[in-house]
Chemist: 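One structure is given below, represented as structure tokens, and several questions about it will come after.
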Amino acid sequence: MTPSVEDRFAINDLFVRYTTALDAGDVETSVACFTEDGALESPAVGKYSGRDGIRAFSERFAAMHRRGVQLRHVISNLAMTVDGASAHATCYLTNIITVDGKSELMPPGRYECALRKVDGAWLFQNRLVILDAPFALPGI
């Protein structure tokens, strides 16, 4: 089903809020983007489930950020379908990582996400990261 303008903006905001929080090492905002039973899977960092798992994932990224590693998630081509309080959204993903002043483009990929509307707010229920090629994050 085609999303309303309100849902489209809210889902887009969720994607931007999550990626910028992850890049800034903002654990609380990253965790708050997921449902209580939310899950995340990435070939670069593994699988995480529930708020405690999402927190552990976010803390790993925050620790990397504190060591001076800077990630920049760039998302584009966001597409979504909404069915009541459930939605599916996908977007392209480009990551740039800077370590010791040297920037590198990570393999491109995409996010495939199941979303749920909880108390009027869209949250990630399941977030799958699909990369076009293997990549290991430094020190994570």
Side-chain angles (χ1 to χ4, degrees):
M1 174 181 286
T2 301
S4 68
V5 171
E6 292 82 8
D7 285 336
R8 183 172 295 282
F9 277 116
I11 291 170
N12 184 78
D13 181 64
L14 173 64
F15 274 71
V16 171
R17 189 170 60 251
Y18 169 76
T19 56
T20 56
L22 202 57
D23 291 347
D26 181 349
V27 172
E28 296 309 316
T29 298
S30 297
V31 171
C33 289
F34 286 83
T35 61
E36 291 290 332
D37 62 345
L40 176 140
E41 182 178 352
S42 166
V45 294
K47 296 180 184 182
Y48 298 85
S49 298
R51 284 279 169 99
D52 289 341
I54 300 300
R55 180 174 303 285
F57 163 79
S58 299
E59 287 174 350
R60 287 177 72 186
F61 270 79
M64 197 169 60
H65 186 263
R66 286 190 300 273
R67 288 192 311 273
V69 176
Q70 182 61 62
L71 273 167
R72 297 287 182 212
H73 288 76
V74 181
I75 56 174
S76 63
N77 299 6
L78 180 62
M80 64 194 78
T81 57
V82 174
D83 185 11
S86 296
H88 176 266
T90 184
C91 72
Y92 289 165
L93 170 66
T94 304
N95 280 311
I96 302 154
I97 186 166
T98 302
V99 180
D100 297 327
K102 182 178 184 256
S103 296
E104 177 181 359
L105 182 64
M106 293 171 53
R110 70 183 194 275
Y111 286 139
E112 291 288 337
C113 303
L115 297 95
R116 190 167 66 220
K117 201 172 200 178
V118 178
D119 297 328
W122 284 105
L123 300 173
F124 295 118
Q125 183 173 9
N126 189 28
R127 184 171 190 77
L128 176 63
V129 180
I130 300 166
L131 298 177
D132 292 350
F135 186 84
L137 287 169
I140 189 167

Chemist: Do Val45 and Phe61 pass the side chain to side chain contact (heavy atoms under 4.5 Å, CB included) test, and can you show the C-alpha distance, the side-chain angles, and the key distance before you say yes or no?
Modeler: CA-CA 10 Å; Val45 294; Phe61 270 79; 3.9 Å; yes
Chemist: Enter the distance from Met1:CE to Ser86:OG here, rounded to the nearest 0.5 Å.
Modeler: 11.5 Å
Chemist: To the nearest 0.5 Å, what is the distance between CG (Asp52) and CZ (Phe57)?
Modeler: 15.0 Å
Chemist: Excluding sequence neighbours, so at least two apart, what forms side-chain hydrogen bond (donor to acceptor under 3.5 Å, both in side chains) with Ser103?
Modeler: Thr98
Chemist: What heavy-atom pair brings Ala89 and Ile11 nearest, and what distance separates the two atoms?
Modeler: CB-CG2, 4.2 Å
Chemist: Looking at every non-hydrogen atom in both residues, tell me the closest pair between Ala32 and Arg51 and how far apart they are.
Modeler: O-NH2, 4.3 Å
Chemist: Report the residues that fulfil side-chain hydrogen bond (donor to acceptor under 3.5 Å, both in side chains) with Asp132, sequence neighbours left out, ordered by chain and then residue number.
Modeler: none
Chemist: Shared ILVMFWY cluster between Ile97 and Leu93, side chains joined below 4.5 angstrom?
Modeler: yes
Chemist: Check whether any side-chain heavy atom of Val129 sits under 4.5 Å from a side-chain heavy atom of Pro43, and report yes or no.
Modeler: yes
Chemist: If you look at every heavy atom in Ser58 and Val31, which pair is closest and at what distance?
Modeler: OG-CG2, 4.1 Å
Chemist: Specify the closest pair of heavy atoms between Ile96 and Leu105, including all atoms of both residues, with the distance to one decimal.
Modeler: CG1-CD1, 4.0 Å
Chemist: Working to the nearest 0.5 angstrom, can you tell me the gap between Ile54 CD1 and Ser49 OG?
Modeler: 7.0 Å
Chemist: Using a 3.5 Å cut-off and no angle test, enumerate the donor-acceptor pairs between side-chain atoms of residues 114-127 and protein atoms at least two apart in sequence or in another chain.
Modeler:
from   : atom 1 : to    : atom 2 : distance (Å)
Arg116 : NH2    : Asp37 : OD1    : 3.1
Lys117 : NZ     : Asp7  : OD1    : 3.1
Trp122 : NE1    : Asp7  : OD1    : 3.0

Chemist: According to a hydrophobic-cluster definition based on side-chain heavy atoms being under 4.5 Å apart (Ile, Leu, Val, Met, Phe, Trp, Tyr only), do Leu128 and Ile75 belong together?
Modeler: no
Chemist: For His65, what residues pass the side-chain hydrogen bond (donor to acceptor under 3.5 Å, both in side chains) criterion, not counting sequence neighbours?
Modeler: Gln70
Chemist: Looking at Gly25 and Ala62, what are the two nearest heavy atoms and their distance?
Modeler: O-CB, 3.6 Å
Chemist: Just wondering, do Thr29 and Leu22 contact through their side chains at under 4.5 Å, heavy atoms?
Modeler: no
Chemist: Distance check, rounded to the nearest 0.5 Å: Arg110 atom CZ versus Ser76 atom OG?
Modeler: 13.0 Å
Chemist: As an exercise, state the distance from CG of Asn95 to CZ of Phe135, rounded to the nearest 0.5 Å.
Modeler: 8.5 Å
Chemist: With sequence neighbours excluded, tell me which residues meet salt bridge (charged side-chain N to carboxylate O under 4.0 Å, His left out) with Glu6.
Modeler: none
Chemist: Starting at SG of Cys33, measure out to CD of Glu28 and round the result to the nearest 0.5 Å.
Modeler: 11.5 Å
Chemist: Mind listing the closest non-hydrogen atom pair of Arg8 and Met80 along with its distance?
Modeler: CA-SD, 3.7 Å
Chemist: Which pairs of donor and acceptor atoms, one on a side chain in residues 12-20, lie under 3.5 Å apart (sequence neighbours left out)?
Modeler:
from  : atom 1 : to    : atom 2 : distance (Å)
Asp13 : OD2    : Arg17 : NH1    : 2.4
Thr19 : OG1    : Phe15 : O      : 3.1
Thr19 : OG1    : Val16 : O      : 3.3
Thr20 : OG1    : Val16 : O      : 2.8
Thr20 : OG1    : Arg17 : O      : 3.3

